[in-house]
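Structure below; questions to follow.
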Amino acid sequence: MGEPKANTNVTIAAAAAAATTSSEPSSVPPPPPPQPKLSLVHPSQKKKHRTSRAFRAFRNMFRSFPIITPACKLPSLPGGTLPETHRGGVGTRVTGTLFGCRKGRVSLSIQENPRCLPTLVVELAMQTNMLQKELSSGMVRIALECEKRSDKEKLKLLDEPVWTMYCNGKKSGYGVKREANEEDLNVMELLRPVSMGAGVLPGNSEVDGPDGELAYMRAHFEHVIGSKDSETLYMLSPDGNSGPELTVFFVRI
């Protein structure tokens with residue numbers, strides 16, 4: 001009669017151990033929040049107008065004329081640059097977004113408009129908080145330079161993979177072009193309703209704290225193509241001359 005009691009005690013102990021195990025909190029972290037569904041569309045393919053053979057012959061003949069320097073000198077503009085009002089209509093208006101974690105490298109994304117997929121993403125050689133500090137001074141000039149290629153290695157300027165970067169005349173490292181990754185596309189999707197402005201997107205604050213937040217600045221830029229070796233992005237300020245001024249130069253030398 002003693003053996004059945006022993007079996008009963010073992011069964012009760014096993015049940016109590018199972019109840020204790022099930023009551024312990026699970027160490028498995030909760031699943032990450034679902035990413036927003038992408039609704040960005042491909043940019044429009046604008047047809048390039050081809051010049052006629054007669055016009056190209058006339059243009060080449062005109063370029064062969066000697067350059068005549070006038071005796072009178074035109075008055076120089078203050079600062080040596082054209083004012084913002086003279087830049088309108090020269091290039092194409094695009095949407096530019098600077099974004100990145102506070103202590104991470106800032107990236108530049110160019111879109112035809114906020115509803116389109118990025119046509120260019122460049123990771124700049126500068127931390128986001130340092131760029132914010134430069135912008136607080138009111139004027140930032142970023143130059144991205146690369147070497148010319150031989151005629152056999154023809155490549156569009158904005159398709160160059162690596163540039164040497166200068167910020168306000170100081171070399172800061174190398175800018176790298178990359179294909180838009182999942183994180184870039186998620187940021188562009190979150191900012192889809194934003195045409196211009198600056199702010200902070202929530203990040204993984206539980207792990208990285210405030211440094212995990214993603215800061216961004218979005219504005220309209222005028223994209224001016226000077227030549228096959230020179231393109232420029234001028235930030236257009238909605239308030240005229242007030243606010244920070246940012247220009248990005250792409251140059252092949």
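Quick note: numbers below take in every heavy atom, side chains included, and nothing from hydrogens, waters or symmetry partners.
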**Report entry** Partners passing side-chain contact (heavy atoms from CB on, under 4.5 Å) against V200 (at least two apart in sequence or in another chain)
**Finding:**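 For V200, the residues satisfying side-chain contact (heavy atoms from CB on, under 4.5 Å) (neighbours in sequence not counted) are R102, E213.
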
Query raised in the report: Rounded to the nearest 0.5 Å, how far apart are OH of Y216 and CE of M188?
Result: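 So the gap between those two atoms works out to 10.5 Å.
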
Query - Closest contact, heavy atoms only, T128 versus C101 - result: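 Nearest pair, atom of T128 first, then C101: OG1-O, 2.8 Å.
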
Query - S39 side chain near R192 side chain, heavy-atom distance below 4.5 Å - result: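 Contact flag for S39/R192 side chains = yes.
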
Report task. State, yes or no, whether a side-chain contact exists between T232 and E222 at a heavy-atom distance under 4.5 Å. Result ->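 No, too far: nothing below the 4.5 Å cut-off.
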
**Report entry** Residues forming a salt bridge (Lys or Arg N to Asp or Glu O under 4.0 Å) with E123, sequence neighbours excluded
**Finding:**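 Counting only residues at least two positions away or on another chain, E123 forms a salt bridge (Lys or Arg N to Asp or Glu O under 4.0 Å) with R105, R178.
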
Query - Interatomic distance, R141 atom CZ to C167 atom SG [nearest 0.5 angstrom] - result: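 These two atoms lie 10.5 Å from each other.
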
Query raised in the report: Does the side chain of T95 come under 3.5 Å of the side chain of E112 through a donor N or O and an acceptor N or O?
Result: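 No pair is found: no donor N or O on one side chain lies under 3.5 Å from an acceptor on the other.
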
Query - Co-members of F249 in a cluster of I, L, V, M, F, W and Y side chains, linked at under 4.5 Å - result: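 For the cluster that includes F249, the remaining residues are V251, I253.
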
Requested in this report: Identify the heavy atoms of S195 and P114 that sit nearest to each other, and give their distance.
Outcome: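 Looking at all heavy atoms of both residues, the shortest contact is CA-CG, 4.2 Å.
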
Query raised in the report: Going hydrophobic residue to hydrophobic residue with side-chain gaps under 4.5 angstrom, can you get from M139 over to I142?
Result: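 Hydrophobic grouping puts M139 apart from I142.
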
Query - Rounded distance [0.5 Å steps], CD in E189 versus CG in N186 - result: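 Rounded to the nearest 0.5 Å, the CD-CG separation comes out at 8.0 Å.
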
Query - Pairwise side-chain contact, H220 with V94, heavy-atom cut-off 4.5 Å (strictly under) - result: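 The answer is no; the side chains never approach within 4.5 Å.
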
Query raised in the report: Q132: what forms a side-chain hydrogen bond (donor to acceptor under 3.5 Å, both in side chains) with it, not counting sequence neighbours?
Result: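 Q132 satisfies side-chain hydrogen bond (donor to acceptor under 3.5 Å, both in side chains) with no other residue.
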
**Report entry** Shortest non-hydrogen separation from L157 to S230 and the atoms involved
**Finding:**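 Smallest interatomic distance, heavy atoms only, reads CD2-N, 3.6 Å.
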
Query - Hphob cluster co-occupancy, L158 + I225, side-chain heavy atoms under 4.5 angstrom - result: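 Cluster IDs for L158 and I225 differ.
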
**Report entry** Connected hydrophobic set around L155, excluding itself, where side chains approach under 4.5 Å
**Finding:**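 Once heavy-atom contacts under 4.5 Å are chained together, L155 still belongs with nothing else.
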
Query raised in the report: Residues in ring pair (Phe, Tyr, Trp, His ring centres under 6.0 Å) with F221, at least two apart?
Result: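 Testing F221 for ring pair (Phe, Tyr, Trp, His ring centres under 6.0 Å), a comparison that skips the adjacent residues, returns none.
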
Report task. Could you note down all residue pairs passing ring pair (Phe, Tyr, Trp, His ring centres under 6.0 Å) where residues 175-203 supplies at least one of them, sequence neighbours left out? Result ->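 Pairs touching residues 175-203 that pass the test: none.
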
Query raised in the report: Do you reckon L246 sits in the same ILVMFWY cluster as M126, going by side-chain contacts under 4.5 Å, direct or chained?
Result: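 Linked, L246 and M126 end up in one cluster.
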
Requested in this report: Keeping to residues at least two apart or across chains, list the ring pair (Phe, Tyr, Trp, His ring centres under 6.0 Å) pairs with something in residues 150-170.
Outcome: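 The answer is W163-F250.
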
**Report entry** Heavy-atom side-chain proximity of I110 to L233 below 4.5 angstrom
**Finding:**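 With C-beta onward as the side chain, the pair touches.
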
Report task. To the nearest 0.5 angstrom, please state how far the CG atom of L98 sits from the CE atom of M217. Result ->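 Atom-to-atom, L98:CG and M217:CE are 4.5 Å apart.
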
Query raised in the report: Within a strict 4.5 Å, meaning less than it, do heavy atoms of the V224 and E231 side chains meet?
Result: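 V224 vs E231: side chains apart.
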
Query - Heavy-atom side-chain contact between L201 and L190 under 4.5 Å - result: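 L201 vs L190: side chains touch.
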
Query raised in the report: Can you name the closest pair of heavy atoms from C116 and P43 and give their distance?
Result: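 The answer is SG-CA, 4.0 Å.
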
**Report entry** Distance in Å, N129 CG paired with K103 NZ, rounded so as to fall on 0.5 Å steps
**Finding:**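 With rounding to 0.5 Å, CG (N129) is 7.5 Å from NZ (K103).
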
Query raised in the report: Any idea which heavy atoms bring E179 and D184 closest together, and the distance?
Result: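 Residues E179 and D184, closest heavy atoms: O-OD2, 4.2 Å.
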
Report task. Output all residues satisfying salt bridge (Lys or Arg N to Asp or Glu O under 4.0 Å) with K177, sequence neighbours left out; order by chain, then residue number. Result ->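 Expected list: D159.
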
Query raised in the report: Closest heavy-atom contact between M235 and A219?
Result: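 So the two residues come closest at CG-CB, 3.7 Å.
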
Query raised in the report: R149: what forms a side-chain hydrogen bond (donor to acceptor under 3.5 Å, both in side chains) with it, not counting sequence neighbours?
Result: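 R149: side-chain hydrogen bond (donor to acceptor under 3.5 Å, both in side chains) contacts with E160.
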
Report task. Check the pair L117 / L185 against side chain to side chain contact (heavy atoms under 4.5 Å, CB included), numbers first and verdict last. Result -> CA-CA 8 Å; L117 293 166; L185 296 177; 3.9 Å; yes

Query raised in the report: Is M196 reachable from V248 through a run of hydrophobic residues whose side-chain heavy atoms are each under 4.5 Å from the next?
Result: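 Hydrophobic grouping puts V248 apart from M196.
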
Query - Residues in side-chain hydrogen bond (donor to acceptor under 3.5 Å, both in side chains) contact with D229, at least two apart in sequence or another chain - result: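 R252.
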
Query raised in the report: V187 and V121: same hydrophobic cluster, using ILVMFWY side-chain contacts below 4.5 Å?
Result: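 V187 does not cluster with V121.
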
Query - Counterpart residues, side-chain hydrogen bond (donor to acceptor under 3.5 Å, both in side chains), relative to T97 (two or more places apart) - result: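 Applying side-chain hydrogen bond (donor to acceptor under 3.5 Å, both in side chains) to T97 gives R218.
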
Query raised in the report: CG of L131 to CG of L135: how many Å apart, nearest 0.5 Å?
Result: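 Answer rounded to 0.5 Å: 4.5 Å.
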
